[in-house]
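Have a look at the structure below before the remarks.
Every chain is numbered from 1 and lettered A, B, ... according to where its sequence line falls, protein lines coming before strand lines.
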Amino acid sequence: MFQVIRRFATSVSNVADIVIIGGGPAGLTLGTALKNSPITKHLKIHLVEGGQIIEPLTSFLETPPPNYLNRVVSLTPSTIGFLDSIGAWSHFNQERTQSYDDIVTYDGVSGARMNFEHPNIATMVETTNIQAGLLSRLNELNSQQEVKLVIQEDTKVISIAKDSITQWPTLQLSNGDSLTCRLLLGCDGYNSPVRHFAGIESRGWSYNRWGVVATLKFADTEFRFPTGWQRFLPTGPLALLPLPNGYTSIVWSTTPELAEMLLSLDETEFLSMVNAGTRLSTEELSMIYDLAKSKSPDLLEQIQWRLNLFADKLKPADEEDFPLQVAEIVTGSRARFPLKLSHADTYVEDRVALVGDAAHTTHPLAGQGLNMGQEDVKSLVEALERATSRGLDIGNSLALEPYFSERWPKNHVLLGVVDKIHKIYSTDFAPFVAARSFGVDVLNSLGPIKDFMVGTISGNSKR
Amino acid sequence: MLIVQQAQKRSFIIPSIISSGLSYLSKDIRLADKMEDGELHFPKTEFEKSQNKSKPLFQRPEPNYPGHVPLYNFEKLLMFLGSSIGAFVNPTNNNFIVSLGESTAFPWVLNRLRTQMLNDPNGRQILKERPHMTSKSLNLDELKNYPDNSLGKSYFLWLEREGVSPDTRVPVKYITDPELAFVFQRYRECHDFYHTITGLPIVREGEIALKLFEFMNLGIPMTGLGALFAPIPIKSSQRRRLLSVYYPWAIKNGTICKPLINVYWEKIMKKDIDVLRSELGIEKPPDMRELRKKAKLKKKQVG
């Protein structure tokens, strides 16, 4: 028989089964889960990351930084269950995580509040801790297996194109190599080049809000159980999330002008401002914002005066309705990031799948962005396992479609709900405030419904 | 063929009365209830019994500031009804006006005033220092020596002309929040200064005109009610004068002048009163006492 020999072959390029672009939590979890699963561990996987991650993440576990980093996320029990099932959770630095049992959300205008109580309702973990734990597990898996996952760090993707003959995605990397793969997984964030390559449209809008983050420490006045606080101000929610040893990570989603003002304050003024944000009325806050924007010298004095008045009026029984005052700040931990909503039209295309922020971004008020990404990973890995065990080509839409059909509607609903919550709380128009406060008061007294809400969001897990 | 079965008639009322009565009267049923509650075999200790003593249904809440008398909502409503009728019938009795003011000073009204004060540097200072006007704090003895056209001298002269004193102001009792109570108290105490700066006398007609001026500037409901209803029982000549001269003046000046709640009167006593008027945007209305005197003379000449 004839043997067709290709004489004029294209330049030698690496070929892999799966290429994961992006070494963030989504990409690393995906790589670890695929390597952990006995069904998919034989696949040749490359992880391409534009920055340096191996050295910083290894040194994070060996010599942990003295201060908590300002990028912290709240993980649901379901996410932790998944990380545990792939063997990564035990590699995290557990001392730097804080699990908490209570979430209190209260209205900035009317004070109507909702208490969610459930053992281990969520756990705060630094993003770097997540990545470091996953990398450590990945190294462990690599050492135990023959086919190793290759991490190409400090390597940017110059371009992605479809190979002319096979139609497989081919990447041109910054180190000169080219990489072809059967399946390209985009875990590369909001401006995903993989999504652009696949021609997938992503729809949404900017919230015109910025999230100001900082790492603060509560005043050492009394003992409190770690609690997650969120106050819905008309400009955006202020959340105080617990870290170990009385530290707290704040996320203050607010307008661009106020975000700029918050970052320009000095440290004592910023701490006072956060304390004011958790306690004072919206009229007092407007006065304080105006004083701060005009750089008035007696800003601190005025804030302290209003806080003292508030403390005098507060009955001792109601003191636990508000978080403790913050007294210290980790220098240099203040930062801000823009908030936007986006959802890709589809998660899968021929030989391409999107995971995490490449597929969807959301408002941080519900703390679900990263958790949605982790659920995506779980679902995608299941789909790939199923496809591999049936001998399918994993890049084929048939193999990837179950992932899209399982995750897209659930993510869409969650994105929609979070968006509506943001919109409902963005106003101080009296009838809306009255309606939402009434709703919150009613909902707060319906225990079973609250448990249902908590259960849906945190997923069913044995934890 | 249709067979209609008549439903069995069952008695309902009498058996239910009997069974509910039995749960009181029958010892067996009472013991069974107690056992279900766990009180039969584990009776409550004295301590537990004292803990369960529920609070009485109507217990007045604690006062928030010295002199505070917390009222229930129905009491506030009764106070409003009583004082509004009383103020209409007998406006010379100060108690009616005072009670009407406090029962209609809703939190959102005082909140709005307080926000106005918070947004102004002078207003903030007033809120922080919480000054109370007494004849001592205003140094009434020194005021007579102040320069002629100053605010302090004019105030002193006005006090003498009308025969009143700043010590007769009734303290606020029925407003819940201490800071809002202060705002209302401040309004009450500054009332005399509003008289001074507009030159209106304390006769009934003058008070009504000033009420409308205050309503346009401060928005306090009692002043609005007064401006609306108080002209009804007065003499027609006075009413005509009010409606043609003073009401238009009050509407115009009350709206365009600066919020008077933010003026720190105690600190500007030496200021020239005309300069102050122009800064605030107030024009002096025609002197009411003069107009009344002229009208009386004219009437005497005609009649």
Are B:Ser99 and B:Ser83 close enough that a side-chain donor and a side-chain acceptor fall under 3.5 Å?
no

Are a donor atom and an acceptor atom from the side chains of A:Asp298 and A:Ser296 found within less than 3.5 Å of each other?
yes

Lys/Arg-Asp/Glu bridge criterion (N-O < 4.0 Å) met for B:Lys252, B:Glu283:
yes

Let me confirm one number: the [atom1]-[atom2] distance from [X] to [Y], rounded to the nearest 0.5 Å.
| X | Y | atom1 | atom2 | answer |
| --- | --- | --- | --- | --- |
| A:Gln325 | A:Ser272 | CD | OG | 8.5 Å |
| A:Tyr247 | A:Glu328 | OH | CD | 6.0 Å |
| B:Met216 | B:Leu212 | CE | CG | 6.5 Å |
| A:Gln230 | A:Leu240 | CD | CG | 9.5 Å |
| A:Leu271 | A:Leu265 | CG | CG | 10.0 Å |

Is the charged tip of A:Lys340 near the ring of A:Tyr207: under 6.0 Å from the six-membered ring centre and within 45° of its axis?
no

Compute both the distance and the angle, then confirm whether A:Arg224 meets the cation-pi test with A:Phe218: under 6.0 Å from the six-membered ring centre, within 45 degrees of the axis.
no

Residues in residues 278-289 of chain A that sit under 4.5 Å from chain B, counting heavy atoms only:
A:Glu283, A:Glu284, A:Met287

Chain B neighbours within residues 309-320 of chain A, where any heavy atom lies under 4.5 Å away
A:Leu309, A:Lys313

Counting N and O atoms only, with roles assigned by atom type, does the side chain of [X] sit under 3.5 Å from a partner on the main chain of [Y], one being a donor and the other an acceptor?
| X | Y | answer |
| --- | --- | --- |
| B:Asn217 | B:Leu260 | yes |
| B:Ser150 | B:Lys271 | no |
| A:Tyr100 | A:Phe225 | no |

Which residues, numbered in order, of residues 102-123 of chain B come under 4.5 angstrom of chain A by heavy-atom distance?
B:Asn111, B:Arg114, B:Thr115, B:Leu118, B:Asn119

For chain A, which residues of residues 177-194 of chain B have heavy atoms nearer than 4.5 angstrom
B:Asp177, B:Pro178, B:Glu179

Residue pair A:Thr215 / A:Asn70: nearest heavy atoms and the distance that separates them:
OG1-CA, 3.7 Å

B:Trp265 vs B:Ile197 side-chain heavy atoms within contact, under 4.5 Å
yes

With side chains defined as the heavy atoms from C-beta onward, is the minimum distance between A:Trp229 and A:Tyr106 less than 4.5 Å?
yes

